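All ligand and atom numbering here is 1-based and tracks the order in the structure. Quick note: numbers below take in every heavy atom, side chains included, and nothing from hydrogens, waters or symmetry partners. The structure presented is a predicted model; accordingly, all values stated were derived computationally and were not measured.
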Amino acid sequence: MTPRSFDQIRPLVAQHIREVRDFPKKGINFRDIMPLFADPVLVNELCIAIADHIRNSIGHIDAIAALEARGFLFGPQVAIHLGVRFVPIRKKGKLPGQTLQASYIKEYGEDIVEIQHDALKSGDKVFLIDDLLATGGTLRAAIDLIAKSGATVSQAFVLIKLAPLKGREKFPEVDLVSLISYDEA
Ligand SMILES: O=P(O)(O)OC[C@H]1O[C@H](OP(=O)(O)OP(=O)(O)O)[C@H](O)[C@@H]1O
Ligand SMILES: Nc1ncnc2[nH]cnc12
């Protein structure tokens, strides 16, 4: 089967994103991606479309990195389709052994993320995946961790960008692709 383009798959994915007002805090308009997983065929097509985009637009990469937890719903599947390593970036205290750390502020709280110190090596090219870009603190921290490892982010990908929160401005040096962009946070 020919992989779907992002333009073809965008409206199909968008139909499954649910808005939940005042979650997890009053004033936050939460974009819930979980309904998408009621359609496993579409999730698989999405991961194939991301892998196809990497092959056609970027070329060689050494690893896919993704962020706990919702980035893990896509990152490993894309890595399997491409036959490259998957590198987890996790919340503090979850990865054994020596780690590198970065702290950050996100739309509804503060956190610390970690990467295993030997997960990447100098010169590695990494494709970074997360579900959603809000204020950009999370992706900024992930990009910093990958840089501390000596690797570089070839491109970052999010399913959803909340444009009014201007997260994109936190990492101007990195190329970003977002499948769906909302004009209202
Ligand atoms: O752009 P930002 O303002 O930094 O926010 C975006 C991040 O917030 C959410 O993660 P969360 O930490 O809630 O974790 P989860 O995936 O474990 O639910 C989301 O999955 C992104 O990683
Ligand atoms: N508005 C939002 N919806 C879903 N996940 C988020 N992560 C940060 N902000 C979010």
Apply salt bridge (charged side-chain N to carboxylate O under 4.0 Å, His left out) to Lys25 and Asp22, showing your working. CA-CA 5 Å; Lys25 289 182 178 168; Asp22 297 324; over 6 Å; no

Taking Glu19 first and then Arg31, would you say they form a salt bridge - that is, a charged N and a carboxylate O separated by under 4.0 Å? yes

Transitive ILVMFWY side-chain link Leu133 to Phe6, under 4.5 Å: no

What residues form a side chain to side chain donor-acceptor pair (under 3.5 Å) with Arg140, not counting sequence neighbours? Asp144, Glu173

So which pairs with a foot in residues 78-87 pass side chain to side chain donor-acceptor pair (under 3.5 Å), sequence neighbours left out? Asn44-His81, Arg85-Asp124

So Arg4 and Glu45, salt bridge (charged side-chain N to carboxylate O under 4.0 Å, His left out) or not? Walk me through it. CA-CA 7 Å; Arg4 288 187 195 267; Glu45 286 182 349; 2.6 Å; yes

Which protein residues come within less than 4.0 angstrom of ligand 1, counting heavy atoms only? Glu68, Ala69, Arg70, Lys91, Lys106, Glu107, Tyr108, Asp130, Asp131, Leu132, Leu133, Ala134, Thr135, Gly136, Gly137, Thr138

Do you know which of Leu100, Thr99, Ile89, Thr138 makes side chain to side chain contact (heavy atoms under 4.5 Å, CB included) with Val113? Ile89

Identify whether the distance between the nearest side-chain nitrogen and carboxylate oxygen of Lys92 and Asp111 falls below 4.0 Å. no

Test side chain to side chain contact (heavy atoms under 4.5 Å, CB included) applied to Phe86 and Phe72, step by step: CA-CA 10 Å; Phe86 173 69; Phe72 288 10; 3.9 Å; yes

Using a 3.5 Å cut-off on N/O to N/O, what pairs does ligand 2 make with the protein? A line per pair would be great.
residue, atom, partner, partner atom, Å
ligand 2, 1 (N), Asn29, O, 3.1
ligand 2, 1 (N), Glu107, OE1, 3.0
ligand 2, 3 (N), Arg31, N, 2.9
ligand 2, 5 (N), Arg70, NH1, 3.1
ligand 2, 7 (N), Tyr108, OH, 3.3
ligand 2, 9 (N), Glu107, OE1, 2.5

